[in-house]
Amino acid sequence: GDFGRQSQEVGAGAARRQPQSGRDPAVKVLTDLYQTLAPLTEALLRIAVGLAMVPHGLRMTFGFFPSTGQPLRNIGMLADYLDKQGYRPGKLLAPAISLTQLVCGPLVALGLFTRPAAVPLVLFLLVTNIERWRVGRYFWNQLGLEYTLMWTIAALYVLAHGGGAYSLDNLLFGREF
C-alpha cells in the first residue's frame, strides 16, 4: 500500500526534487532540463542493457562473430564449456543462457515485460561477475569483473525502475511491469 508508493516517491523524487529556493533561474532551468532528460536517459540505458546481450547470444547459440570470445558456436559447445568450468548441468544452463540473452535482452530493450525480463539478466550477470572474479579478479584487462559489474548495476537499475515512460509496457498497458 502506502509503503510501496512512499518508497517509489523517495526513489524517483529524490533525484528530481525541486530546489528549496525558487529564486535562482539557473537552478530552475537546470532542474527542468534534468527532468526532461531523465526519462530519455533511462530509456537509453534500458535499450543499451537489453541490446548488449544479443550479440553474445548470437555468438554462443548460432556461431555469429566467430573470432570473438571463447570458441563457442552453438548450444552444445556452450553446454560442454559450462560443464568443464563446473557449471552443471551444462545441457540445462546453456539453453537458459541463450534464452536469457536472445529473448530477455530484446524484451528489456523494448521495455516489454521489463521487470520480469530483467530478472534473468541480473541473475545471469551476477553469476558472470562471480566467474570474472574467479578468473581475473577486478580489472577488465585481466578478464576481471569490472566490465560485467557495470552491466550488472545497469541491469539492476532497469529491474528496480522498470520500463519507464518510453517503453512498450507504458504504451500498451499504461504501467510498468
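I97 and Y147 fall within a single hydrophobic cluster, where Ile, Leu, Val, Met, Phe, Trp and Tyr are joined by side-chain heavy atoms under 4.5 Å apart, directly or via other members. Y34 and V29 are not part of a single hydrophobic cluster, where members link through side-chain heavy atoms under 4.5 Å apart. Cluster membership check: L121 shares its hydrophobic cluster with V127, using side-chain heavy-atom separations under 4.5 Å among Ile, Leu, Val, Met, Phe, Trp and Tyr. Cluster annotation: I153 is not connected to I47 through the hydrophobic network of ILVMFWY side chains, with a link wherever side-chain heavy atoms come within less than 4.5 Å.
Across N170 and A165, no two heavy atoms sit closer than the pair ND2-O, 2.9 Å. Nearest approach of P95 to G90, heavy atoms of both residues: CD-O, 4.2 Å. Counting all heavy atoms, side chain and backbone alike, V158 lies closest to A118 at CG1-CB, 4.4 Å.
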Side-chain donor-acceptor distances from residues 74-82 under 3.5 Å, at least two apart:
unit_1 : atom_1 : unit_2 : atom_2 : d
N74    : OD1    : G76    : N      : 3.0
N74    : OD1    : M77    : N      : 2.7

Can you give each donor-acceptor pair under 3.5 Å made by side-chain atoms of residues 51-63, sequence neighbours left out, with the distance rounded to 0.1 Å?
unit_1 : atom_1 : unit_2 : atom_2 : d
R59    : NH1    : Q70    : O      : 3.1
T61    : OG1    : G57    : O      : 2.8
T61    : OG1    : S98    : OG     : 2.7

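Residues forming a ring-ring contact (aromatic ring centres under 6.0 Å, His included) with Y166 (at least two apart in sequence, or on another chain): none. Partners of S167 by side-chain hydrogen bond (donor to acceptor under 3.5 Å, both in side chains), not counting sequence neighbours: none found. Residues forming a side-chain hydrogen bond (donor to acceptor under 3.5 Å, both in side chains) with T128 (at least two apart in sequence, or on another chain): none. Not a single side chain to side chain contact (heavy atoms under 4.5 Å, CB included) links L44 to another residue, sequence neighbours left out. With sequence neighbours excluded, the residues forming a side-chain hydrogen bond (donor to acceptor under 3.5 Å, both in side chains) with D169 are T114, listed by chain and number. Taking R137 as the reference, nothing meets the salt bridge (Lys or Arg N to Asp or Glu O under 4.0 Å) condition, with sequence neighbours excluded. Judged as a side-chain hydrogen bond (donor to acceptor under 3.5 Å, both in side chains), and not counting sequence neighbours, the contacts of E131 are Y87, R134.
Side-chain heavy-atom separations under 4.5 angstrom define the hydrophobic clusters, and the remaining members of the one that includes L126 are V119, V122, L123, L156, L159.
Under a 3.5 Å cut-off, the side chain of E42 and the backbone N or O of G164 do not form any donor-acceptor pair. Within the 3.5 Å criterion, the main-chain N or O of P66 finds a donor-acceptor partner in the side chain of R73.
Relative orientation of the Y157 and H161 rings is parallel, given thresholds of 30° and 60° on the angle between their planes.
Residues L45 and T41 form no side-chain contact, since every pair of their non-hydrogen atoms from C-beta on lies 4.5 Å or further apart. T148 is listed as a side-chain neighbour of L145, based on a closest heavy-atom distance under 4.5 Å.
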Evaluate side-chain contact (heavy atoms from CB on, under 4.5 Å) for L107 paired with L168, printing each intermediate quantity in order. CA-CA 9 Å; L107 285 173; L168 287 180; over 6 Å; no

For D32 and K28, what are the C-alpha separation, side-chain angles and deciding distance, and is it a salt bridge (charged side-chain N to carboxylate O under 4.0 Å, His left out)? CA-CA 6 Å; D32 291 345; K28 181 173 178 357; 2.8 Å; yes

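Counting non-hydrogen atoms of other residues, nucleotides and ligands closer than 6.0 Å to CZ of F139 gives a total of 12 or fewer.
The list of ring pair (Phe, Tyr, Trp, His ring centres under 6.0 Å) pairs with a residue in residues 91-128, not counting sequence neighbours, reads F113-F173, F113-F177. For residues 82-108, no residue pair satisfies the salt bridge (Lys or Arg N to Asp or Glu O under 4.0 Å) rule, not counting sequence neighbours.
The CD1 atom of I130 lies 11.5 Å from the CG atom of L125; values are rounded to the nearest 0.5 Å.
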